[in-house]
Number of protein chains: 2
Amino acid sequence: MSSIRPAETFPANTPAASQIFTTVLSHGPLTRLEVARRAGLSPAAVTKAVRPLIEAGYLVEDADDQARPALGRPANPVRVDGGRALFIGVKVTGDEIIGVLTDLCCRVRVARHTPLPDREPKSVLASVTELVGELLAEAGDLRIPVLGLGIAVSGDVDRGAGVVRYSPFLQWRDVPLAELAGATTGLPVTVDNDVRALTVAEQWFGAGVGLSDFAVVTVGAGIGCGLVVHGRVVSGAHGVAGEIGHVTVDPSGPPCHCGNRGCVEAIAGDAAIVRRIRETTGAEVRDTAEAVELARRGVPGVREAYARAGEAIGRGIATVANLLGPERVIISGEGLAAHDLFAEQIRDAFAAAAFGSADRCDVQTRPLPFEEWARGAAATAIQSFIRADDQR
Amino acid sequence: MSSIRPAETFPANTPAASQIFTTVLSHGPLTRLEVARRAGLSPAAVTKAVRPLIEAGYLVEDADDQARPALGRPANPVRVDGGRALFIGVKVTGDEIIGVLTDLCCRVRVARHTPLPDREPKSVLASVTELVGELLAEAGDLRIPVLGLGIAVSGDVDRGAGVVRYSPFLQWRDVPLAELAGATTGLPVTVDNDVRALTVAEQWFGAGVGLSDFAVVTVGAGIGCGLVVHGRVVSGAHGVAGEIGHVTVDPSGPPCHCGNRGCVEAIAGDAAIVRRIRETTGAEVRDTAEAVELARRGVPGVREAYARAGEAIGRGIATVANLLGPERVIISGEGLAAHDLFAEQIRDAFAAAAFGSADRCDVQTRPLPFEEWARGAAATAIQSFIRADDQR
DNA sequence: TTCTTTTATTGACGACGGAAAATAAGGGCT
DNA sequence: AGCCCTTATTTTCCGTCGTCAATAAAAGAA
């Protein structure tokens with residue numbers, strides 16, 4: 001029924017091979033010896049696993065002859081050939097969809113977005129199909145095959161089954177998106193939660209490379225959190241995890257749409273900040289951009305709203321750090337546009353609420369280009385393609 | 001120097017073998033076919049791995065001929081022979097040490113405790129050595145070899161290195177306890193954090209059997225939490241994790257020794273409850289036992305302190321559930337003696353603060369016999385003996 | 001008895017990855 | 001140029017593990 005083309009398959013049958021590939025993918029050009037060391041394998045095993053990958057064109061020997069040690073046989077590093085294959089990532093938001101065409105190294109080649117007429121699965125699917133079609137055309141111009149499609153959706157998503165169980169934002173329930181999109185695009189489709197997708201991108205290509213325990217916190221309309229523990233993204237027993245947005249920081253705080261009071265999101269979410277500014281200053285603020293504008297102009301009371309938000313976020317992050325002891329927390333999201341307005345409060349609140357050696361955790365902020373969410377989706381597609389059933 | 005006897009070694013060289021053994025250990029008698037199904041192996045592999053384990057006496061065929069299906073060749077279940085080997089677990093608290101002698105199935109055979117003269121590593125080591133000596137004598141009477149010693153200590157413990165990095169309670173820093181105890185007892189020693197040890201016991205022999213994601217919350221003098229994610233106990237990048245006791249539930253709450261206000265422990269720890277009762281009722285309460293007594297007698301204001309504690313614990317658990325989405329949370333600890341006084345509040349607060357499907361998490365309470373902490377230590381020794389480098 | 005059904009075992013086989021030795025590829029030295 | 005030294009990579013050989021397919025075993029059913 002669904003005419004998914006039996007797309008090119010990745011020649012890494014053995015766990016060692018896929019582990020080697022992901023090591024090279026994440027850690028740039030590496031000599032075979034170095035790969036062996038990092039992957040805990042013998043050099044011989046690396047040579048053997050690398051050969052078919054080079055033959056298939058996924059890896060290339062890097063003729064980069066700089067900074068070579070004076071002694072001994074020159075090393076012959078290998079790296080992933082990003083131009084060998086392309087992937088498409090799509091992020092579905094409430095009112096638009098963002099799509100990117102990336103290469104195998106998850107570098108964005110083309111980014112597009114289209115508004116969404118409505119949130120019905122049918123129309124969303126049609127828009128996605130159209131956008132993917134455009135990106136496929138671009139890929140055709142480049143004469144590089146597209147080997148997978150990743151779709152990121154907020155809410156409870158069962159990646160294994162390819163089903164969106166429940167997305168409050170889109171008001172979807174049990175939509176078999178992977179199957180549907182597979183049928184219309186002819187590509188192998190991976191569907192995952194948006195924050196988890198972003199976390200995968202950080203884990204493989206970003207600030208989480210090489211770490212087995214870290215967290216990604218997204219600040220924006222909502223406050224989300226992706227967790228990596230023991231080298232694997234946490235999905236939770238019931239498909240939901242990382243709900244830092246509904247961690248209570250002040251039981252007497254403002255009411256949250258979840259029914260409680262003083263959730264992180266009820267204080268530091270975009271809408272909460274704007275509402276707070278309206279309430280305390282009486283100013284006519286419509287959206288975040290205006291709020292940031294006012295704050296930068298030094299309108300009294302506005303910075304205070306941001307300070308409060310920063311404190312809430314810092315406390316939320318400290319909670320994560322106290323419970324999981326991650327090595328690093330990466331703060332990202334659209335909300336970072338206001339970074340300078342609450343960075344200090346985040347740090348202070350974190351330092352104050354982190355217990356014991358949890359404060360050794362490295363908290364960093366990372367700007368998030370608008371297409372980053374879609375890039376995360378592409379990362380999940382790459383991950384599925386490599387079928388890395390291994391951790392780390 | 002250290003005369004660690006080259007104790008009997010476990011004949012499970014291959015990962016498959018140790019996985020098979022742990023499966024049988026946790027899931028009681030199983031037919032080989034069933035083991036194969038659960039461990040994801042072929043029946044042939046099970047047969048081959050089981051043979052040497054039976055020959056060495058660790059597994060026995062269970063002649064339990066009940067409830068056999070009428071058809072086909074009768075199944076021949078295998079189970080672990082608990083009496084094949086013994087292990088010793090020791091829990092070091094501030095003023096006493098508790099030791100247990102358990103069998104290979106972690107069933108307690110003998111339990112002992114001794115007061116501790118002081119907290120110097122030297123005297124603690126001497127007391128531990130003496131207690132272990134007594135238990136070894138008991139084991140000698142039974143004519144069963146003791147194959148390992150587990151020691152549980154609160155604080156930051158590096159299990160791999162066998163070093164207590166920092167224990168605020170004992171005021172220890174970088175004490176190489178495994179090496180020291182190994183030298184005085186002649187046993188292979190495993191040292192781990194006390195809450196993690198308890199968690200290991202639950203994972204292998206308790207309410208966490210078969211679950212890949214769950215949490216253990218201990219209520220008592222402190223509030224602790226052990227986490228299992230992806231089938232493995234979480235240790236945190238810096239050796240500390242599960243600090244649920246210092247999750248803030250009320251920023252305007254009572255001050256905590258950690259420097260913040262309104263931590264779970266500052267509201268629901270033993271000392272906090274007692275202090276609260278004294279403050280609100282003026283009653284002369286010295287310890288928890290008296291507090292419980294007053295509450296049961298219905299003294300006004302006392303139940304309220306417990307209700308407050310229950311609410312704090314419930315919120316803390318909800319935070320864990322929101323962040324990690326565990327399948328189950330097991331509440332335990334000495335504090336459960338007052339279980340009837342706050343169980344309801346825990347449940348209510350949890351249900352209110354759990355977001356989305358996090359409330360599908362199964363929250364259960366489990367009474368904790370006084371020697372349970374020591375049994376956890378024994379479980380870590382058993383785990384080390386089996387050297388299960390595999391997860392699940 | 002003979003067949004059926006289910007569980008356990010056996011033996012051949014293939015694949016994976018390790019160890020060690022061989023080879024490759026410089027650069028410096030004489 | 002020829003030799004030596006060092007380090008990277010490859011080759012060859014080999015053990016191990018686990019699967020597959022066939023077979024044995026142990027009952028009840030026909």
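The analysis underlying the following values was restricted to heavy atoms, covering all of them including side chains, and did not include hydrogens, waters or symmetry mates. In what follows, every chain begins at residue 1, and chains take the letters A, B, ... in the order their sequences are listed. Predicted, not measured: the structure shown is a model, and the values here were computed from it.
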Over how many whole Å does the gap from B:Arg37 atom CZ to C:dT6 atom C1' extend?
15 Å

Would you say A:Thr47 places a side-chain N or O within less than 4.0 Å of OP1 or OP2 belonging to D:dT10?
yes

Rounded distance (nearest 0.5 Å) linking atom CD1 of A:Ile382 with atom OG1 of A:Thr102:
4.5 Å

DNA chain C: 5'-proximal contact among B:Arg32 and A:Gly40 (nearest heavy atom):
B:Arg32

Once rounded to the nearest 0.5 Å, what's the spacing between atom CG of B:Asp192 and atom CG of B:Leu198?
11.0 Å

Give the rounded distance in Å between these two atoms: CG of B:Asn76 and P of C:dT9.
7 Å

Between the base of D:dT16 and the side chain of B:Lys48, is one N or O donor paired with an acceptor at under 3.5 angstrom?
no

If you compare every side-chain N and O of B:Arg73 against the phosphate oxygens of D:dT23 (OP1, OP2), does one of them come in below 4.0 Å?
no

Of the listed nucleotides C:dG11, D:dT9, C:dG18, the one nearest the side chain of A:Leu33
D:dT9

A:Arg232 side chain vs B:His230 backbone, donor-acceptor pair below 3.5 Å:
no

Does a side-chain N or O of A:Thr14 approach OP1 or OP2 of C:dG17 to a distance below 4.0 Å, or not?
yes

If the threshold is 4.0 Å, N to carboxylate O, is there a salt bridge linking A:Arg51 and A:Glu55?
no

B:Arg84 NZ/CZ over B:Tyr58 ring centroid, <6.0 Å and within 45° of normal
yes

Which of the following nucleotides, D:dT6, D:dT19, C:dT7, is nearest to the side chain of B:Ala75?
C:dT7

Could you check how far CD1 of A:Ile20 sits from P of D:dT9, rounded to whole Å?
13 Å

Value in whole Å for how far the P atom of D:dT9 lies from CG of A:Leu30
11 Å

d(CD, B:Glu61; P, D:dA25) in whole Å
15 Å

Select base, sugar-phosphate, or nothing to describe what A:Ala44 touches, counting heavy atoms under 4.0 Å on all strands.
base

Atom CG of A:Leu71 and atom P of C:dA24: how far apart are they, to the nearest Å?
20 Å

In whole angstrom, what separates B:Glu34's CD from C:dA8's P?
10 Å

Just the rounded figure in Å: distance from P of D:dT9 to CG of A:Asp62.
12 Å

Base, sugar-phosphate, or nothing for A:Thr31, non-hydrogen atoms under 4.0 angstrom?
sugar-phosphate

What contact category does A:Ala16 fall into here, base, sugar-phosphate, or nothing, at under 4.0 angstrom with non-hydrogen atoms?
sugar-phosphate

